[in-house]
Amino acid sequence: MQDHPGALAELRGDCANCFGLCCVALPFSASADFAVDKAAGTPCRNLLDDHRCGIHARLRDTGFNGCTVYDCFGAGQKVSQVTFGGEDWRRGPADRARKMSDVFPVVRQLHELLWYLTEALSLPAARPLRADLRALVEATETLTLGTPEDLAALDVAAHRQRVNVLLLRTSELARAGVRGRGKNRRGADLMGARLRGADLRGADLRGAYLIAADLTGADLRGADLIGADLRDTDLTDADLTDAFFLTQPQVNAARGSAGTRLPGSVSRPARWAARG
Ligand code: SF4
C-alpha cells in the first residue's frame, strides 16, 4: 500500500474480478431502497450466471436504489480472488457460497478501515502520526489475508476501535489547521436541517445524521465526514474541498450538482452532472 491518494484506487470495487458477492452475501429488506426481501447468503433474483446484474441500467426505476449507492471497497475481488483463490461459489461445494458470505462483510469492513488509514497517510497534517498509521495499515492488510476460518472468527469491532483512536488523532490535527474551524457536531441529529450556505469549515461531523439535510452552497472545506449519514443530503454547489474520511457510498447516497466541489478521493456520481 502506498501513502498517496492513488493507493485508494485499489480499495474500489472491481466487479469484473468478483463473483457477485455483494449480490449474494448481503441481506436486504423490502423498503425505499430495495424492491424485495433477500436473505444473507442467497443470490439476488436479478443476478445473472456471469455475475452481472440483469437490471443494472434500470436499478433506480425498478426499486433497487440501495444497489446504486453500494461500494465494497475492493472486498469483493479480495475474497473472490485471494481468500478463495479464484474459486467460483457457483461451481464449488454446496457450502462455498455460505462461507464466502460469512467472510465478505468482514473483509469489507477491513477494507473500509484501510481506506481511512490510507487517506490519513496522505494528509500533510498527519505527518507526526505516519509511523503509527503505516503500522496499522500493515496490520489491517495482514488481517485481510487470513484464511476463511481466520476471517470468520475475527473480532473486527476490536480492530476498528484500535484504528478509530488513530483516526481521531488524525482528525484533530487535520482540522486544527482549517481557518474558521467549525464546531463539534459529532453524532448530531441534523436530519432535514436547513443548513443552506452554512459555514462548516473544519467541522467535526463524525457520524452526524444529515439525512435529507439542505447543505446547498454550504462550506464543508476541511470537515471530517467519517460515518456521516448523507442519504438524500442536498450538496448542490457545496464545497467539500479537502473534506476528509468521505467515502464513495456516502457521496453516491447524497444529491449534488455539477457545481458541487468534492475531494479528489471520490468521484462525482453521473446523475449529478444533469443538475447544474
Ligand atoms: S439488483 Fe442487481 S446489483 Fe442489486 S443485488 Fe440484485 S443483482 Fe446485485
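Just follow the structure's listing: the first ligand is 1, and inside any ligand the first atom is 1. Just so you know, these numbers use all the heavy atoms, side chains as well, and skip hydrogens, waters and symmetry mates.
- Distance check for Cys53 against atom 6 (Fe) of ligand 1: none of its N/O/S atoms falls below 2.8 Å.
- Look at Thr62 and you'll find every heavy atom at least 4.0 Å from all atoms of ligand 1.
- Taking backbone and side-chain atoms together, Cys23 has an N/O/S atom less than 2.8 Å away from atom 8 (Fe) of ligand 1.
- Scanning all protein heavy atoms for the shortest distance to atom 6 (Fe) of ligand 1 gives Cys44 SG, 2.4 Å.
- The aromatic rings of Phe73 and Trp115 stand perpendicular to each other, their planes meeting at an angle above 60°, with 30° marking the opposite boundary.
- Checked by atom type, the side-chain pair Thr144/His111 shows no donor-acceptor distance below 3.5 Å.
- When each of Asp237, Thr236, Thr216 is checked for a side chain to side chain donor-acceptor pair (under 3.5 Å) with Ser257, only Asp237 meets the rule.
- Considering every non-hydrogen atom in both Ala254 and Trp272, the closest pair reads O-NE1, 3.3 Å.
- Here Cys67 does not reach atom 2 (Fe) of ligand 1: none of its N/O/S atoms is less than 2.8 Å from the metal.
- Aromatic ring pairs are classed by plane angle as parallel below 30°, tilted from 30° to 60° and perpendicular above 60°; the pair Phe19 and His51 is tilted.
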